[in-house]
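Below: one structure, written as structure tokens.
Nothing here was measured: the structure is a model prediction, and the numbers come from that model. Proteins get letters first, then strands, A, B, ... in listed order; numbering begins at 1 in each. No hydrogens, no waters, no symmetry mates; every other heavy atom, side chains included, goes into these values.
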Amino acid sequence: MNMTIDLDKYRHSTAHLLADAVLQLFPGTKLGIGPAIENGFYYDFDRDVPFSDADFESIEAKMRDIVSRDLPFERQVVTREEALALFSSLGQDYKLDLINNLPSDEEITVYRHGDFVDLCLGPHVSSTGELGVFKLISVAGAYWLGDEKNPMLQRIYGAAFATQEQLDEYLKKLEEAKLRDHRILGKQLELFSIDEQVGAGLVYWHPNGATIKREIERFWEDEHLKRGYDLLSTPHIAKSKLWEISGHYGHYKENMYIFPVGNEEYVLKPMNCPMHLQVYKSRIRSYRELPIRFAELGTVYRRERSGTLHGLFRVRGYTCDDAHIFCSFDQVEEEIGALVEFSQYFVRCLGFENLQIELSLMDPAHPEHYIGSPEVWERSQATLRHVLQSKSLEFIEIEGEAAFYGPKIDFQLIDVYGHKQQGSTIQLDFNLPERFDLKYVNSSGGEEYVALLHNAILGSIERFMAAFIENYGGAFPMWVSPVQVALLPITDAQLEFASQIHEELKDSGLRVYLDDRNEKLGFKIREHSKVPYQLVIGKKEVESSCVSVRHRSRGQIGTMTSSEFKSLACEEVQNRVIS
RNA sequence: GCCGGCGUAGCUCAGAGGUAGAGCAGCUGAUUCGUAAUCAGCAGGUCGUAGGUUCAAAUCCUAUCGCCGGCUCCA
């Protein structure tokens with residue numbers, strides 16, 4: 001028996017329970033759809049009065065009442081006419097809409113329990129008595145059939161599990177996740193702020209957050225230089241002409257910040273690609289130079305819709321870690337292979353082991369949505385697939401997810417909420433080389449179009465840092481920690497010795513904080529509980545010229561000289577240990 | 001952009017027509033302390049912003065900005 005399918009059935013049946021309860025309590029409500037989802041279910045309702053959290057109690061009570069009546073679920077096959085008649089008599093317009101959109105040869109089934117009837121494919125549990133482990137979570141707006149031109153319905157989300165323990169565990173996990181929320185930690189640890197006075201979606205990195213960001217960026221630069229990339233630095237604004245050539249002005253205009261300067265019009269860059277292409281184009285390129293690998297930590301600005309902003313995950317100005325590789329077509333496979341290795345290596349070094357790899361392909365039903373010939377697509381997609389297979393990587397293929405300009409490989413990080421977060425992306429581009437006329441001179445002196453690869457390992461440093469902060473719950477790996485070592489003198493009699501150690505450790509490049517406040521040791525330890533190492537300095541330590549080393553998760557490690565500690569700490573930093 | 005909820009001290013929140021309150025943080029003082037919260041005192045707010053209703057608005061209404069949960073979007 002497949003547990004996943006079983007649980008889906010359970011959740012879907014619970015959704016029916018919810019709809020039944022709502023109809024009993026609020027007659028006249030129209031039903032949308034109510035599927036099983038990860039961790040539970042939802043059901044969409046059309047009702048004039050908004051549901052409030054206060055309604056949840058009575059709805060849940062009614063649902064439990066239906067459970068206790070142990071009503072059997074009954075499947076019934078009906079003709080299209082019967083179905084239309086049934087739901088039209090019930091005034092369920094959205095169901096009529098669904099029926100009318102079903103393929104003509106589709107068998108139509110309805111499921112009943114008690115007086116409740118719903119258009120539904122099933123399957124369901126056999127009786128409402130089997131249900132009962134659920135909790136309504138939230139209500140939110142959702143467009144009918146996901147189209148913003150359609151009316152907006154009210155969606156009630158619920159959690160449902162096979163056992164009460166699993167439900168409790170899930171609810172507990174939600175609570176715990178709140179404590180790791182990067183927006184909360186960002187404030188507590190003074191990592192960053194977003195000031196409504198100055199603009200939504202614009203991030204201010206405070207000293208602590210800026211330190212983490214700088215360390216990650218240094219690592220990023222080091223690793224790119226090691227792999228034969230040249231680092232660029234390009235302007236933040238450019239005349240509209242550039243964006244007309246790139247095509248952004250036609251397709252992406254509503255997301256761009258555009259402003260007049262004299263008689264000219266400028267654009268704040270939403271992407272770095274055109275800039276990098278300009279550098280490529282600055283002179284004739286020879287096949288001998290290929291592959292050329294350009295990379296930049298470029299700050300870009302995009303006018304994202306107001307409702308989509310979300311902490312650091314979705315902002316309007318961010319650092320894009322952009323790389324572009326210009327190569328010949330027969331170098332593509334090798335370059336892609338290197339990019340896949342690089343991406344995986346990089347995010348693993350930052351503590352992300354759980355990756356989901358997606359290969360995004362064109363939609364074969366709509367070749368007209370894409371540029372480039374079907375043969376080129378076919379060959380490129382096969383190349384990407386072959387790279388992943390040759391590395392024995394598990395991946396899923398998604399048709400229709402490709403960009404219009406080429407197929408891509410995406411790496412999804414899994415965050416503490418279990419949500420996927422976009423990580424690395426590797427994209428083939430059939431569009432820009434032609435638009436920008438990017439060529440090189442081949443070995444026989446002829447001109448050829450260059451192949452263009454886009455690669456972003458982190459995508460957005462800001463977005464990545466949100467996931468990074470949550471992944472570590474604010475207790476960062478030693479090498480990125482804003483404070484790596486906290487010095488905790490027990491009384492002010494040890495201040496002088498502590499200051500000496502402070503200087504000594506600082507000189508070796510460590511980020512050290514001397515807590516010289518007149519507070520008790522326990523208080524200081526608590527305050528620095530996220531700092532990797534806390535050095536306790538009391539009377540005994542001064543007398544023996546030592547420090548008592550305490551690690552934030554391993555507890556007391558022992559007493560050692562400052563130079564012994566220094567080499568231990570520096571080694572951990574140099575090796576970029578991630579624990 | 002859309003639906004719903006919410007904006008009160010640096011932070012977390014209480015107050016629900018009668019003139020603003022707690023804890024933590026901060027400051028001052030006392031305490032000199034051995035591995036996750038020492039005690040006391042002081043100070044701190046045009047209640048997001050702008051209008052309106054009212055004798056009186058943090059509280060009711062309107063608009064606006066922002067935040068939260070989703071939807072949509074992410075050439």
Are [X] and [Y] linked by a side-chain donor-acceptor pair shorter than 3.5 Å?
{"X": "D515(A)", "Y": "H528(A)", "value": "yes"}
{"X": "H206(A)", "Y": "S193(A)", "value": "yes"}
{"X": "W144(A)", "Y": "D46(A)", "value": "no"}
{"X": "S360(A)", "Y": "E401(A)", "value": "no"}
{"X": "T308(A)", "Y": "H310(A)", "value": "no"}

I need the [atom1]-[atom2] distance between [X] and [N], as an integer number of Å.
{"X": "D515(A)", "N": "U35(B)", "atom1": "CG", "atom2": "C1'", "answer": "14 Å"}
{"X": "W243(A)", "N": "A75(B)", "atom1": "CH2", "atom2": "C1'", "answer": "13 Å"}
{"X": "L488(A)", "N": "A37(B)", "atom1": "CG", "atom2": "P", "answer": "14 Å"}
{"X": "E190(A)", "N": "G26(B)", "atom1": "CD", "atom2": "P", "answer": "11 Å"}

Need the pair for [N]. Rule: Watson-Crick or G-U wobble, both distances under 3.5 Å, any strand; none if unpaired.
{"N": "U49(B)", "answer": "A63(B)"}
{"N": "A57(B)", "answer": "none"}
{"N": "A9(B)", "answer": "none"}
{"N": "G26(B)", "answer": "C42(B)"}

For nucleotides 5-10 of chain B, give me every protein contact, N/O to N/O, under 3.5 Å, one pair per line with atom names.
none

For a quick check of understanding: with a heavy-atom distance under 4.0 Å over all strands, which category does [X] fall into, base, sugar-phosphate or nothing?
{"X": "G307(A)", "value": "base"}
{"X": "Q494(A)", "value": "nothing"}
{"X": "K539(A)", "value": "base"}
{"X": "D55(A)", "value": "nothing"}
{"X": "A140(A)", "value": "base"}

Closest listed nucleotide, where the reference is the side chain of [X] and the choices are [options]:
{"X": "D492(A)", "options": "C71(B), G34(B), U32(B)", "value": "U32(B)"}
{"X": "I490(A)", "options": "U32(B), C33(B), A36(B)", "value": "C33(B)"}
{"X": "K187(A)", "options": "U12(B), G34(B), A75(B)", "value": "U12(B)"}
{"X": "F523(A)", "options": "U38(B), G34(B), C71(B)", "value": "U38(B)"}
{"X": "K520(A)", "options": "U38(B), G69(B), A75(B)", "value": "U38(B)"}
{"X": "A200(A)", "options": "C71(B), G66(B), C33(B)", "value": "G66(B)"}
{"X": "R305(A)", "options": "A37(B), C73(B), U32(B)", "value": "C73(B)"}

Is the distance between the ring centroids of [X] and [Y] less than 6.0 Å?
{"X": "F26(A)", "Y": "F45(A)", "answer": "no"}
{"X": "Y533(A)", "Y": "F565(A)", "answer": "yes"}
{"X": "F468(A)", "Y": "F476(A)", "answer": "yes"}
{"X": "F464(A)", "Y": "Y318(A)", "answer": "no"}

Between [N] and [M], how far is it from one [atom1] atom to the other, in whole Å?
{"N": "G15(B)", "M": "A22(B)", "atom1": "P", "answer": "15 Å"}
{"N": "A56(B)", "M": "G5(B)", "atom1": "P", "answer": "29 Å"}
{"N": "C6(B)", "M": "U64(B)", "atom1": "C1'", "answer": "16 Å"}

I want to check a possible cation-pi pair here: R11(A) against F161(A), using under 6.0 Å from ring centre and within 45° of the ring axis as the test.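 The answer is yes, since R11(A) meets both limits relative to F161(A).
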Once hydrogens and angles are ignored, does a donor-acceptor distance under 3.5 Å link the base of U72(B) to the side chain of T308(A)?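 For T308(A), whose side chain was compared with the base of U72(B), there is no donor-acceptor pair (under 3.5 Å).
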Is a donor-acceptor contact shorter than 3.5 angstrom present between the side chain of R302(A) and the base of C74(B)?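 Flag unset: no donor-acceptor pair detected.
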For RNA chain B, find the residues of residues 143-154 of chain A with a heavy-atom distance under 4.0 Å and give them by number; none if there aren't any.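 By residue number: Y143(A), G146(A), E148(A), M152(A).
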Applying side chain to side chain contact (heavy atoms under 4.5 Å, CB included), name anything that partners S58(A), two or more places apart in sequence or on another chain.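 For S58(A), the residues satisfying side chain to side chain contact (heavy atoms under 4.5 Å, CB included) (neighbours in sequence not counted) are L25(A).
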